[in-house]
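In what follows, a single structure is set out as structure tokens and then discussed.
Quantities reported herein were computed from a predicted structural model and do not represent experimental measurements. Both counts, for ligands and for their atoms, begin at 1 and track the order of listing.
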Amino acid sequence: MTPTPPFPQGPAEASKKDSRPVNRCDHLGSHPFSDTQDGLFRAYLSPAHAATCKQVALWMHEAGMATRTDTAGNLIGRYEGQTPGAPALLIGSHLDSVRNAGRYDGTLGVMLGIEVVAHLAAQGERLPFAIEVIGFGDEEGSRFPASMLTSRAVAGTLDALPLGTVDASGTTLHDVLHQNGLDPARYLEAAYKPEQVVGYLEAHIEQGPVLEAAGLGVGVVTAIAAQYRFKVSIQGVAGHAGTMPMSLRKDALAAAAQAMVAIERIGANGPPDLVATVGQLHVGPGASNVVPGQTTFSLDIRAGTAQVRDQATTQICEALQNIADERGVGLSIELQNDLPATPCNPALTACLAASVTRITGQAAHHLVSGAGHDAMVMAALTPVCMLFLRCHQGISHNPAEAVRHDDAHTAFLVMLDFIRAFATTTAHKPTEFSA
Ligand code: GLV
Ligand code: MN
Ligand code: MN
């Protein structure tokens, strides 16, 4: 079923001109690794996700790893250390995607992890810790309205599973798990114990323009922005588009339009790190000759600190309530996701920055991530650090996403150097760090 991979075979083929991790992302960029025939959409526990895990597991095997799927549907490859069963350095990112996605968001971090292990295995090099490469199943929240479900399961921060939540087809998470041979009652068993891990490293495209503007291939993340995701519902009254006078309407879509303009204004008037986005809108009943009676839309609010995010959230909620009151429509704002700002671990980050300097010959550029990452969830389990790769014009969540092969090669070398440096310090002993 799977076509022959269009890249060189062999244990360690990462190269400056032709990066195997980049080629592998390209290979995974379309059907059957996408749920859509046009472009890329890989939803959690979809047929494309299953095909992707099957292919990636083969690459993990080839690289010298034993593989398993955990109870949350994450794909995990393990490369033993000098002592079998030793705690592991986790290298991860996500395999799911947004709709009409780019090919590198998430997937490249997993492919780079595999490449690093392939290189170590080819040299017969074992470390004082094991390495586990994790392809997380759900980071984006693009199938169910609850992002980072699977890293939260691994980090042990998921108290209860929203089993009744439904995807766009109305199928519950409960049923989707069953259809994929996963037992909802065992989902939380994916959790690691802190003593099983020594740290978490994630490589990811920057998804912003900073590194490109600075002329740098890689950078080191210091922190990940705080984010909220809400579902906003406006309840108006559906009516006949021909007979209902304008003065008597309770148009839920007109109210939503006004709300969106207010959200944009509040986001734009805040500090530069504040962003507020409406990315999804559903209109009911959704006919050209019916005054809309119901709308729901997503609201995503982020900032470098929880304080700025929360202040903007209060302003937005007040503005939306005023609009609803003036128009006489109902309003509900439901919090779906609350991710606090996450600092990366200072010691691991310093170690990663030193590797960047050794490999590139330049001081490491430090930056804050506005995008969310599995690392922000994993920080509750273990010390985390993140390496960013330049991406063209900062474009992401878009099929035009592009990375350079030489940057992926640099990232591969930095990750390898980091792992070796980390192994020579006592830093990999969990007691040396607080997460
Ligand atoms: C994930 O890509 C996010 O930042 O929403
Ligand atoms: Mn993404
Ligand atoms: Mn991502």
Under the side-chain hydrogen bond (donor to acceptor under 3.5 Å, both in side chains) rule, what do Asn100 and Asn398 come out as? Steps first, then yes or no, please. CA-CA 6 Å; Asn100 205 21; Asn398 184 317; over 6 Å; no

Of the backbone atoms (N, CA, C, O) and the side-chain heavy atoms from C-beta on, which set of Arg229 has a member under 4.0 Å from an atom of ligand 1: side chain, backbone, both, or neither? side chain

Where's the contact between His373 and ligand 1, heavy-atom distance under 4.0 Å: side chain, backbone, both or neither? neither

Quick check: do Glu132 and Leu89 have side-chain heavy atoms less than 4.5 Å from each other? no

Does the side chain of Arg24 reach to within under 4.5 Å of the side chain of Val22, using non-hydrogen atoms? no

Cationic tip of Arg42 above Phe33 ring, under 6.0 Å, 45° of axis: no

I'd like to know whether Tyr200 forms a ring-ring contact (aromatic ring centres under 6.0 Å, His included) with His373, so could you lay out the CA-CA distance, the side-chain angles of the two residues, the decisive distance to 0.1 Å, and finally the verdict. CA-CA 12 Å; Tyr200 175 83; His373 300 289; over 10 Å; no

Using ring-ring contact (aromatic ring centres under 6.0 Å, His included), reason through His94 and His49 one step at a time and then give a plain yes or no. CA-CA 11 Å; His94 58 99; His49 184 212; over 10 Å; no

At a 4.0 Å threshold, what atoms of ligand 1 neighbour a non-hydrogen atom of [X]?
{"X": "Gly372", "value": "1 (C), 3 (C), 4 (O)"}
{"X": "Ala371", "value": "4 (O)"}
{"X": "Glu140", "value": "1 (C), 2 (O)"}

Contact between ligand 1 and Glu139 is defined here as a heavy atom of the residue under 4.0 Å from a ligand atom; is it met? yes

Taking the Mn ion (ligand 3) as the center, what protein N, O or S atoms are found at less than 2.8 Å? His94 NE2, Asp105 OD1, His204 NE2

For the pair His405 and His409, evaluate ring-ring contact (aromatic ring centres under 6.0 Å, His included) and give the outcome as yes or no after the intermediate values. CA-CA 6 Å; His405 284 248; His409 184 60; over 10 Å; no

Ignoring angles and geometry beyond distance, decide whether Asp105 reaches within less than 3.5 Å of ligand 1 through its nitrogen or oxygen atoms. no

Backbone or side-chain N or O of Asp300 under 3.5 Å from ligand 1 N or O: no

Centroid separation under 6.0 Å, is that true for the rings of Phe388 and His365? no

Would you say that more than 12 heavy atoms from the other residues, nucleotides or ligands in this model lie under 6.0 Å from the CD of Gln307, or not? no

For the residue pair Leu177 and Tyr44, what are the closest heavy atoms and their distance? CD2-OH, 4.2 Å

Nearest protein heavy-atom contact for atom 5 (O) of ligand 1: which residue, which atom, what distance? Arg302 NH2, 2.6 Å

